[in-house]
Peer 1: 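Take this structure first; my questions come after.
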Amino acid sequence: MRHDAIRLSCALAALCLPAAAMACGGFFCNNAQPVIQAGERILFAADGAQTEMHVQIVYDGPPSEFGWLLPAPPDVDVGLSSQALFPALDTALRPRFNLTARFADCGFAGQGGAGGAGGFGGEGEGEGEGEGPGVDVLERRALGPFDQAIIRADDVDALVEWLDENGFQRPAGAEAILADYVDTSVFVALKLLADADVRDIRPIRFRYSAPTMAVPLRPTSVAASRDMGVLIYVLGEGRAVPTNYLHVEINPALLDWDRGASNYVDLVSAAVDEAGGRAFVTDMSGPHRGQFAFEPANMDLDGLAALEDWQGIRPWVSLVCHPDVAPAVERFITPPAGMTAADIADCSTPFPDQPVLFDGVGLVAHIRDEVLPVWRGLDGLFEALPDVTRLFTTMSPDEMIIDPMFALNRDLPDVPANREALVYVGCMGDRTVEVDGLRYDSSGFQNGGAVQRQDGETVRGEGPMALRVERMMAAGPPETVTENADLLAARFQAPLPPEFGPQGAPVPEMDIGCACDAADGGLPSALTLVLLGLIGLGRRASVRRGDPSAS
């Protein structure tokens with residue numbers, strides 16, 4: 001029985017076809033209506049003429065309803081990736097917005113100088129099985145939790161018939177889009193194996209012999225929502241740039257700095273709309289300096305293999321609870337009466353009181369066969385490719401008419417992840433935020449002009465949303481399309497509190513910053529804001545306390 005509820009959030013990706021084709025495949029989702037997709041995550045690794053792509057899959061629904069379909073180049077190699085990959089990238093590379101306070105000298109003791117930072121594998125089924133008229137099954141095998149097939153079809157009707165007959169979900173009404181890829185692509189189809197659960201789903205790795213990196217948006221529009229987030233990581237030598245989309249630098253004065261730039265996604269969406277709806281911002285770019293390592297150090301796999309009682313698992317808890325290992329652990333546990341293997345393997349529950357039979361040899365074989373190759377492959381990528389770029393945008397279905405493509409430009413400077421702003425706090429509670437030479441009044445702990453979006457439209461804040469719009473190249477400097485620096489410099493010149501004078505006299509600073517994920521947003525610590533309000537109240541009784549919940 002097909003469920004009508006919104007179930008599936010599919011990641012975007014692209015495997016470019018041979019250069020002459022210049023068309024890229026895309027993911028399709030099994031759903032009856034558009035789904036809300038936010039923070040879709042893809043990693044490209046560009047190493048010469050070969051490209052590797054890792055894609056996060058997010059799904060919430062019955063296992064039988066899971067379906068994934070990707071047009072791909074004929075030489076595609078498909079494998080598993082790590083559940084730890086994208087959390088590690090997000091944590092290490094997200095933009096961080098730091099607000100530092102400067103307090104006026106109001107003649108009270110204990111001012112300034114102190115403060116805190118608020119921070120926010122199985123055997124294949126054989127080639128050629130399940131062919132029908134006009135369909136050639138190039139590969140059919142178990143891949144981790146997935147039943148994976150790579151097929152070539154003579155026409156879209158034959159493709160659809162094969163998918164239906166073999167129980168692979170497909171997007172309803174997308175035949176015309178699929179038909180565009182039949183002549184030049186093979187199709188990678190995934191569904192869950194009969195004994196697999198939704199929690200077993202892992203990211204997928206694709207490898208193909210083409211130097212092009214692209215994200216298919218036209219086919220993805222079948223399942224997209226308004227202002228859908230797209231987050232791209234690129235490993236390589238140099239900074240990654242969009243080559244057929246514009247590049248935007250946002251107007252930092254429209255961020256809500258007092259709340260950790262929690263409206264960052266809204267401002268990016270508005271700035272991208274100002275650039276015609278097809279543009280990316282660069283969240284960061286630069287050397288990753290070897291900060292990523294996926295294979296845990298000092299794993300005693302021989303000791304784990306010798307283990308026969310789950311009670312002795314404690315020294316290996318971090319390994320068996322790793323997201324790439326944990327879904328398989330219960331297969332190697334024989335539960336006592338009244339308990340299930342899933343209950344025992346649950347890392348959030350206490351250890352059982354009685355002995356529990358455990359097949360350490362089997363789990364170690366699984367780790368060596370299916371998990372270690374993934375970790376070592378990722379470690380090899382990060383060792384070989386020194387630079388990483390994080391690009392972000394949001395798009396709505398009607399804007400997804402061109403597949404964005406990316407290249408490495410070694411001539412461009414790095415983009416730091418840390419963004420800095422100052423807030424000048426006067427004796428009467430008046431506050432002025434200054435960022436990149438732009439100043440606005442934030443008295444009351446809010447930026448009244450901060451951008452806010454709803455249903456794909458800007459409902460608060462006035463432009464320009466973009467500091468500048470550029471056209472990036474694969475080499476050399478960008479071409480400026482729109483430059484708003486002078487306009488913004490004239491508009492955002494709020495006066496400083498009178499105690500600072502026209503230039504902002506240097507006084508002790510207090511870091512009240514917060515680090516927020518650009519894709520997810522976030523609020524600063526309420527305690528930090530209350531602390532700042534209390535400091536102001538201690539100086540003058542008339543200071544107004546900020547309301548951390550104000551928007």
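As a basis for the values below, the full set of heavy atoms in this structure was taken, side chains included, without hydrogen atoms, waters or symmetry mates.
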Peer 1: I need the single residue from His54, Arg205, Arg202 that forms a side-chain contact (heavy atoms from CB on, under 4.5 Å) with Val374. Which is it?
Peer 2: Arg202
Peer 1: What I want to find out is whether Arg453 reaches Asp266 closely enough, with some N-O distance under 4.0 Å, to be called a salt bridge.
Peer 2: no
Peer 1: Quick check on Glu462: does its CD atom have over 12 non-hydrogen neighbours (other residues, nucleotides or ligands) under 6.0 Å away?
Peer 2: no
Peer 1: Looking at Tyr424, is its backbone amide N or carbonyl O close enough to the side chain of Thr432 to form a donor-acceptor pair, meaning the two atoms are under 3.5 Å apart?
Peer 2: no
Peer 1: Checking the side chain of Gln56 only, and the main-chain atoms of Arg41 only, is there a donor and an acceptor separated by less than 3.5 Å?
Peer 2: no
Peer 1: Within the 4.5 Å heavy-atom criterion, are Leu408 and Arg239 side-chain neighbours or not?
Peer 2: no
Peer 1: Decide yes or no for Leu246 and Val481: does some side-chain heavy atom of the first lie under 4.5 Å from some side-chain heavy atom of the second?
Peer 2: yes
Peer 1: If we ignore hydrogens and angles and just use 3.5 Å, is the side chain of Asn418 paired with the main-chain N or O of Pro95 as donor and acceptor?
Peer 2: no
Peer 1: Could you please spell out the steps behind the side-chain contact (heavy atoms from CB on, under 4.5 Å) verdict for Leu391 and Val281?
Peer 2: CA-CA 6 Å; Leu391 297 141; Val281 299; over 6 Å; no
Peer 1: Side chains of Phe292 and Leu93: closer than 4.5 Å at any heavy-atom pair?
Peer 2: yes
Peer 1: So which heavy atom on Phe168 is nearest to which on Lys191, and how close?
Peer 2: CE2-CG, 3.7 Å
Peer 1: Would you call the rings of Tyr233 and Phe86 parallel, tilted or perpendicular, taking 30° and 60° as the class edges?
Peer 2: tilted
Peer 1: With the threshold set at 4.0 Å, does a side-chain nitrogen-carboxylate oxygen contact exist between Arg259 and Asp256?
Peer 2: yes
Peer 1: Report yes if some heavy atom in the side chain of Gln50 is under 4.5 Å from a heavy atom in the side chain of Tyr208; otherwise report no.
Peer 2: no
